[in-house]
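Please see the structure below; I have some questions.
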Amino acid sequence: MLSIPDLIKKKRDGGQLSDEEIKVFINAVTNKTMQESQIGAMLMAIWQKGMKPTEVQTLTREMMSSGEVMSWPDEWKTLMVDKHSTGGVGDKVSLVLAPALAACGCKVPMISGRGLAHTGGTLDKLESVPGFNVYQSADQIRDILASVGCCIVGQTERLVPADRVLYALRDITSTVDSLPLIAGSIISKKGAESLSALVLDVKFGRAALYKDLQSAEELAKLLVSAGNGVGIRTAAVLTRMDCTIGRYVGNSLEVIESLEALKGRGPDNLMELVTTLGGVLLMQTGLASDLPDGRKQISDAVTGGAALSKFQVMMEAQGVDKGTARSLCSTNTDYYSVLRKADHQLELKAPTDGVVVDINGMDLAQVLHHLGAGRSKAGEDVNHSVGAELLVALGQRVAKGTPWLRLHFDDPAPTQEQITWLENSLTVDPKAKPQLGHSLVEKLLLPE
Ligand code: IUR
């Protein structure tokens with residue numbers, strides 16, 4: 001048996017770690033018998049030398065079993081599904097997709113994260129609803145799945161403790177952006193949910209983790225192989241992330257746009273993602289015969305109101321009082337009276353006549369982040385009311401002076417420099433032809 005320094009040396013020199021060696025490494029991380037400096041050295045060796053797909057599968061499996069692995073009643077076994085996104089701007093897909101899948105008969109124990117850097121987090125969005133409690137124990141999750149069919153919760157303390165240690169050390173050793181480590185981290189948590197099917201929304205573009213399709217596809221393939229390696233039917237969808245998903249960005253504004261979508265009034269690009277990702281999952285579970293059938297079932301669940309009802313009972317099951325949940329889900333009510341609105345709004349105007357050919361989602365997200373919508377360090381508070389509404393769509397013709405963005409802010413107010421950034425994030429081309437309906441889905445990677 002190799003000692004820990006020998007294991008580090010083997011990877012440092014480009015060797016392939018055996019199943020047993022990876023098990024020793026992860027056990028030592030979980031039991032805290034490995035010093036942090038040794039873990040850091042191993043992470044850097046993995047970052048530099050990479051891992052073979054079989055090593056990634058073993059790493060994922062060992063990380064997954066470092067803590068509690070959830071168990072479900074036998075009759076749910078083929079119905080357990082979840083989605084993971086690599087992070088975007090205005091990405092509220094989970095809020096619409098989880099209840100739509102539940103309405104189609106799936107069980108969705110959606111374990112989500114918080115926003116970090118420029119990307120938003122589903123948990124932060126939901127916490128803008130008064131009373132919504134994202135912390136639920138494994139028993140509570142099972143109860144909510146039995147009564148509702150979906151829940152959206154934070155990771156429990158007991159799920160994949162090895163990832164907690166590794167992720168914190170990756171952050172301080174510049175080893176976050178390692179494909180094997182990303183795959184192990186993401187898929188081990190999905191494995192611990194004991195899913196039958198998983199779909200990954202792997203984004204590429206200027207507002208995504210990976211800027212180009214090729215690197216995003218490399219990550220997608222590794223995630224698909226790691227997921228299938230732990231027994232989850234895993235597929236990936238490669239999607240563009242340059243502008244924004246939908247028209248609202250910011251925590252409570254995104255809840256409003258999700259509710260609008262659940263009432264059948266969602267923006268096309270959001271609905272394209274929801275129906276594609278949901279359609280893939282329904283196909284993987286066998287609830288749909290093919291992708292068009294799956295997409296239609298999801299679309300019907302949304303337009304027919306079944307998904308909205310699921311969202312309403314999910315909110316109640318997760319701590320929101322009945323009156324609040326009812327008013328948010330009613331077609332006639334003004335939701336702003338329930339969700340706190342920022343004190344100030346500012347509208348920006350189009351600088352010239354022409355067609356909107358670009359809106360830089362990354363710049364928009366960064367300004368909103370500085371105004372308090374996001375966090376720079378784990379644990380920081382966010383201001384749920386800070387955000388922006390896009391008042392125009394990509395490809396739309398606008399006249400000079402047309403309002404194109406409504407910024408919602410409290411304190412701090414945007415500086416002149418930030419306003420200039422926002423103004424520059426819009427490109428209007430006087431000569432371009434109007435063209436609406438830009439698709440975000442680039443490619444599907446389905447398991448064989
Ligand atoms: N999300 C995770 O859960 N793990 C990772 O390594 C990254 C995102 I990057």
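All ligand and atom numbering here is 1-based and tracks the order in the structure. The chain is numbered in sequence order, starting from 1. Just so it is clear, the structure is predicted and the values come from calculations on it, not from any experiment.
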Tabulate below the donor-acceptor pairs under 3.5 Å that side-chain atoms of residues 59-66 make, not counting sequence neighbours, or state none.
| unit_1 | atom_1 | unit_2 | atom_2 | d |
| --- | --- | --- | --- | --- |
| T60 | OG1 | V56 | O | 2.6 |
| S65 | OG | R61 | O | 2.9 |
| S66 | OG | M63 | O | 2.7 |
| S66 | OG | A162 | N | 3.2 |

Inset, instruction - Salt-bridge test for D139 and R142: reply yes if a basic N is under 4.0 Å from a carboxylate O, no otherwise. - result: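 Yes, this pair counts.
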
As a test of reading the model: which N/O atoms of the protein lie under 3.5 Å from N/O atoms of ligand 1, and at what distance?
| unit_1 | atom_1 | unit_2 | atom_2 | d |
| --- | --- | --- | --- | --- |
| ligand 1 | 3 (O) | K189 | NZ | 2.5 |
| ligand 1 | 4 (N) | S185 | OG | 2.6 |
| ligand 1 | 6 (O) | R170 | NH1 | 2.9 |
| ligand 1 | 6 (O) | R170 | NH2 | 2.9 |
| ligand 1 | 6 (O) | S185 | OG | 3.4 |

Inset, instruction - Kindly give the heavy-atom pair with the smallest separation between L291 and G279, and that separation in Å. - result: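 Closest approach of L291 to G279, heavy atoms only: CD1-C, 3.6 Å.
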
Inset, instruction - Would you confirm whether W72, through its side chain, and K107, through its main-chain N or O, come within 3.5 Å as a donor-acceptor pair? - result: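 No; judged by distance alone, with no hydrogens or angles, the pair does not exist.
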
Which pairs of donor and acceptor atoms, one on a side chain in residues 242-250, lie under 3.5 Å apart (sequence neighbours left out)?
| unit_1 | atom_1 | unit_2 | atom_2 | d |
| --- | --- | --- | --- | --- |
| D242 | OD1 | R206 | N | 3.0 |
| T244 | OG1 | G246 | O | 2.7 |

Legend entry - With S3 via side-chain contact (heavy atoms from CB on, under 4.5 Å) - residues at least two apart: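 In terms of side-chain contact (heavy atoms from CB on, under 4.5 Å), with neighbours along the sequence ignored, S3 is linked to P5, D6.
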
